[in-house]
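Because the structure is predicted, anything quoted here is derived from the model rather than measured.
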Amino acid sequence: MTKLIKYLAVSLLGCLVCGAAYAQTDKDKDEYPLRVKVWQLDENCEHIDYDLTQDTTLHLFQVYDYNDKKSLSVSNLGNMGSPYISNIFDDREQNRQSPVFFLDYVSDFVTKPEDTKYYQVNHPYTWLYYAQTPKARNGQVIDFRHTQNVNRKFNWGFNVGLVGSTGRISRQHMRNTTFSPQMSYNGKHLKIHFYYKFNKFYTEEYGGIIDTIEIKNNRFTTRLQKTFDTWGRRTWGIVGEYSLGKTDFQIIDDSTRNEIYTPRIAFNYVFNYDKIFRTYQDEDLNKTFYKEFRQTTVPTYDSLFFHRLTNKAQLKIFETQYLPCVRGAIGVENELYYNFEGYTGDNSDHKYTNTFIEGSISKNKSRNLILNGSYRQYLTGRKMGDMYIRGDLGFKLFKGESDTVNYSVKANVDFRNEEPTYFEQKYTGNNFHWNNDFDKRQVLRIGGEIEMPRWHFKVGVSNYLLTKYIYINQNAVPQQAKNAISVQSVSLMKDFFVWHVRFANRFTYQHTDHNKILNLPDFALYHATYFEFFLVKNVLLTQIGGEVRYSNEYNAFGYMPATSLFYPATRISAGDYPIINAFVNIKIRGVLMFFKWEHVNDGMTKDWYASSDDYPIQDFHFMMGILWRFGD
């Protein structure tokens, strides 16, 4: 926490010093109100406009937890900021993004290059989100952002984040810290984007509870006492684009004309450096908890790290009124894996060079057509033969000649034929060791969705076919399935108003023919109902209501601290337990606040409830938060 305060202090000082670079007087601000343009870059270096209102709406503002934002149902360690696995397979599969698969269960807390938001503002713009539990829990969520333009083309900004809590049980401390500066230059022909991502995670591991001493005072006996692990991920990169195109002029009056530049072709260069490390330390050496020890004379110290350097060059032909955007690229990845193997005497690095080609086609400026397709093929290296195919095809219908979408229909397909990650094949620690020879796995997803924005309605379907799927077995080690696995799901979203009462509904049904491997509930739901009114007319918008999350019964996951992996546990069941919360949301101009009473049904039907084997969730507690934007 001290380091975070230092980051904030230095950042705020920088804002004050540099604020004059593009600052304006109060009179200027009255004449030129704040304008904020936000965008992100996708994997094809395409600008994706970001709608800032989705972060500033009062609707469901009380949903602050990253787990709850991501999925209807999760299994975690019972503490805010802890590793988790989604119980919805669609969400779970999308989390498989890390080259070090141990990191998948904290991936939502990692800021990645594709998450970077770039800005253009006419005034310095600051965003502060802060949520806090009572001091006894010391739970906090902090999201601080600042951005400003140096001139009309050059913008810089940064984001500082913290998610952490001491929890209800001793040795349950979690702390996830992020720091992410970014810069962008938007010239007529030249565009440059820079990002840096600092992520660090600290977790005290307690191995689950053995027994309850005094539930009312949260006194539990835990399996581990002097055990913790540390994660880190550092990523930085630069994306450059130089375009050629056509310049036209729009005549405003005799003395004014606007220059309109339309790019036709562009050359892009992408550089990215990614570093991941993890350490696991255990002074207990608990022989009843771990089945295997390679050495017991000194405390456990497991360590690994991963480096990857990527260079990619691409040529892009821009979309026109009749023709789609077409892109082709070639790239090189240099990878280095290191696993401390002092237990075996082998501490050598493992280096690989992978080359790949990729291409894409898209049509996003069409009024009705939705078309996106991409392809990547690895030609050499450890990943030789890996293939990634993605495609979307659909259409939109509008209300008359307006820009209001009545509904859209879209079908999509994703296919991956990929080499298992290095650490799925080989890993050595004091408590676990494997040396696998897995085949390439194939993941095929075919899905579709219908969305009616005016009616706040969306329904989606998906069907997965998993061939040679790699999962974590009941011994908490990777295993490759012999038979193909299928998963089907249907998801529904519908919000509606009745007078001043609003209802929010989310529902997912899923089915698999191998549930002993995947551990999925049949269905999960989220429902919120609240009464909305102005407590002070046209000034203080207020929402008072409640929410519930529920899934049917399923086999609970176990969690292995030595590897940070969830695995199927058959000892107990989870689910079939509603989690009920009450909340009050308020909005005063640009300030949003929530007051939330979580798990109000705690102790009514069970002394305590665990979504993962022997990891109780939080009992009844209070949470409050605020979002304050400066500049508008």
When the ring centroid of [X] is compared with that of [Y], is the distance short of 6.0 Å?
X      : Y      : result
Tyr66  : Phe109 : yes
Phe531 : Trp499 : yes
Phe594 : Tyr64  : yes
Tyr118 : His193 : yes

Is a side-chain donor or acceptor of Asp115 paired with a backbone partner of Lys112 at a separation under 3.5 angstrom?
-> yes
Pair listing, side-chain hydrogen bond (donor to acceptor under 3.5 Å, both in side chains) test, anchored in residues 448-461, at least two apart =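 Passing the test, one end in residues 448-461: Asn406-Arg454.
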List in chain and number order the residues that pass side chain to side chain donor-acceptor pair (under 3.5 Å) with [X], two or more places apart in sequence or in another chain; answer none if no residue qualifies.
X      : result
Glu259 : Lys188
Asn87  : Ser73, Ser75, Tyr554
Lys383 : Glu333, Glu335

Under the ring pair (Phe, Tyr, Trp, His ring centres under 6.0 Å) rule, collect the residues that match up with His189, sequence neighbours excluded.
-> Tyr242, Tyr261
Excluding sequence neighbours, so at least two apart, what forms salt bridge (charged side-chain N to carboxylate O under 4.0 Å, His left out) with Asp68?
-> Arg549
Between His500, Gln62, Glu532, which is the residue that forms a side-chain hydrogen bond (donor to acceptor under 3.5 Å, both in side chains) with Gln543?
-> Glu532
Residue pair Arg376, Glu358: steps toward the salt bridge (Lys or Arg N to Asp or Glu O under 4.0 Å) verdict | CA-CA 4 Å; Arg376 174 180 281 199; Glu358 60 183 29; 2.8 Å; yes
Considering only NZ, NE, NH1 and NH2 on the basic side and carboxylate oxygens on the acidic side, decide whether Arg441 and Glu419 come within less than 4.0 Å.
-> no
Could you check whether [Y] and [X], counting side-chain N and O atoms only, form a donor-acceptor pair closer than 3.5 Å?
X      : Y      : result
Ser360 : Ser374 : no
Tyr388 : Asn417 : no
Tyr469 : Gln480 : no

Do Tyr526 and Val63 come close enough that some side-chain heavy atom pair is under 4.5 Å?
-> yes
